[in-house]
Amino acid sequence: MPSSAAPEASLAPLSPLASSPVLIDQVYSRLRDAIADLTLAPGERIRQAELADSLGVSRQPVSHALQLLKRDGLVCDSGRQGLEVAPIDTDRLRQLYQVRTALDGLAARLAACRVVDGTLRAPELRRLQDAVAAGMAMTRGTPVARQVRVEVAFHTALHDASGNPLIAQTVAPQWPHIMRAMAATLDALPMQEVVWHEHGDIVARIAAGDADGAESAAREHTEMDGGNARREWLARLKQSN
C-alpha cells in the first residue's frame, strides 16, 4: 500500500562555496549563519547530501561541520543516526541572558570609565552612536535579518568599547543562539522602539562618563525578566518554538 505521508520539503538552496584549504570552516560558518537567521529552521531535518550539493562541496566537510554544530548545541540527534536543527531552548536562553546581563553591564561600566580616563577613542564612541542611529532608523518594514544584524552590531560595539577583549570572546560563540531567538520573534513584537531608546540611554551614560548609570542601564536592558516587554518576548518565543 502506498504511503499517505506527505513528502518532506526540500531544504532552502544555499549558494555554492569556493574550494579552499579551510573548507570545513567555511561550511561550518555558512551552516551556522543559516541556522542563526532561520534559513535552516528549528526542527528541520538535516540531509547531508542536499547540503553538500547546495554548497558545491563533498559530504565530508559537511559531516565535519555538522559535528562542530552539534558540539555548539545548534544541531542535535534525530531518530536513527539522523540530525536536525536543534530547537530553541528557552531555559538555556534564560541562562545565557543571565550571563549576558553581567557582561553587558561590565562592558558599559568599563566603557564609561574609559571616557573618564580619556582612553575611549572617538571612533569607538561614534561606532556606538552610529549603531543606535541605525536602530532608530528601522521601521516595521525592515527585514528581520537586518534588525538582528543591527542589534548584534550594537552589542559587539559595546563589548569592544569596554577595552576588555575577553567580553566579546566570551559572548561570540553564543550569538547564533541569541540571533535565532531574535529572528523568531522580532517581527511579532512592538518593542523595537523601546529597545533602541534603551540602547541610546546606555550610550548617553557612557558618553557622560557615568559608570554606575551605564552599568545599571545595560543590565536593565538585557535582563530577561526586567520588564513586560521581555516577559512578552520570552512568552512569544515559547509559542513559536
Side-chain angles (χ1 to χ4, degrees), residues 36 88 90-115 120 124-140 142 144 146-164 166-238:
I88 298 173
T90 52
D91 289 334
R92 175 176 178 168
L93 194 66
R94 187 187 296 276
Q95 294 165 355
L96 174 55
Y97 266 74
Q98 289 173 344
V99 175
R100 269 198 64 200
T101 295
L103 291 178
D104 278 14
L106 175 61
R109 167 174 286 278
L110 292 176
C113 288
R114 293 182 68 202
V115 169
L120 184 69
E124 293 178 290
L125 181 58
R126 189 159 51 249
R127 180 182 167 197
L128 280 168
Q129 294 166 336
D130 289 347
V132 171
M136 291 288 194
M138 292 191 297
T139 67
R140 286 187 176 275
T142 301
V144 170
R146 171 156 175 76
Q147 293 185 48
V148 172
R149 287 196 301 271
V150 174
E151 175 80 17
V152 173
F154 170 79
H155 285 282
T156 53
L158 174 63
H159 299 159
D160 292 343
S162 74
N164 184 339
L166 290 180
I167 295 176
Q169 291 171 22
T170 300
V171 177
Q174 305 304 328
W175 275 123
H177 295 282
I178 299 168
M179 290 171 69
R180 68 191 190 127
M182 290 178 180
T185 55
L186 272 177
D187 62 341
L189 294 178
M191 60 182 283
Q192 282 304 92
E193 185 175 349
V194 173
V195 165
W196 283 101
H197 278 295
E198 291 178 355
H199 287 161
D201 183 45
I202 294 167
V203 175
R205 291 172 185 268
I206 289 172
D210 178 5
D212 289 342
E215 179 177 10
S216 177
R219 290 182 67 93
E220 289 175 7
H221 169 72
T222 308
E223 283 177 342
M224 182 67 78
D225 297 318
N228 290 333
R230 282 163 192 76
R231 283 192 289 272
E232 183 182 358
W233 182 76
L234 187 61
R236 291 289 186 98
L237 182 59
K238 288 180 177 178

Test: Asp160 and Arg127 ion pair at under 4.0 Å: yes

Side chain to side chain contact (heavy atoms under 4.5 Å, CB included) between Ile178 and Val152, intermediate numbers included: CA-CA 9 Å; Ile178 299 168; Val152 173; over 6 Å; no

Parallel, tilted or perpendicular, as decided by the 30° and 60° cut-offs, for the rings of Phe154 and His199: parallel

Gap between atom CD of Gln95 and atom OG1 of Thr90 - 0.5 Å precision: 10.0 Å

Check: His221 ring centroid to His197 ring centroid under 6.0 Å: no

From His155 atom NE2 to Arg100 atom CZ, the distance as rounded to the nearest 0.5 Å: 4.5 Å

Flag side-chain contact, heavy atom, 4.5 Å: Glu215 against Leu106: no

Steps toward side chain to side chain contact (heavy atoms under 4.5 Å, CB included) verdict (Asp212, Arg205): CA-CA 9 Å; Asp212 289 342; Arg205 291 172 185 268; over 6 Å; no

CE-CD1 distance between Met182 and Ile88, expressed to the nearest 0.5 angstrom: 11.5 Å

Minimum-distance pair of heavy atoms, taken over all atoms of Ala112 and Ala214: CB-CB, 4.2 Å

Residue pair Ile206 / Ala108: nearest heavy atoms and the distance that separates them: CG1-O, 3.8 Å

Side chain to side chain, Leu125 and Val115, heavy atoms closer than 4.5 Å: no

Exam field: side chain Thr222 to backbone Arg219, donor-acceptor pair closer than 3.5 Å: no

Student check: side-chain heavy atoms of Val150 and Val148 closer than 4.5 Å: no

Closest non-hydrogen atom pair, Ala107 against Leu158: CB-O, 3.9 Å

Atom pair CD (Glu124) and CG (Leu128), whose distance is rounded to the nearest 0.5 Å: 8.5 Å

Cation over ring face, Arg94 and Tyr97, 6.0 Å, 45°: no

Flag for Asp104-His159: side-chain donor and acceptor within less than 3.5 Å: yes

Shortest non-hydrogen contact from Cys113 toward Ala211: SG-CB, 3.9 Å

Backbone of Thr142 reached by a side-chain donor or acceptor of Gln147 within 3.5 Å: yes

Euclidean distance, Glu151 CD relative to Thr156 OG1, rounded to 0.5 Å: 10.0 Å

Leu120 CG to Arg114 CZ distance, which is reported to the nearest 0.5 Å: 5.0 Å

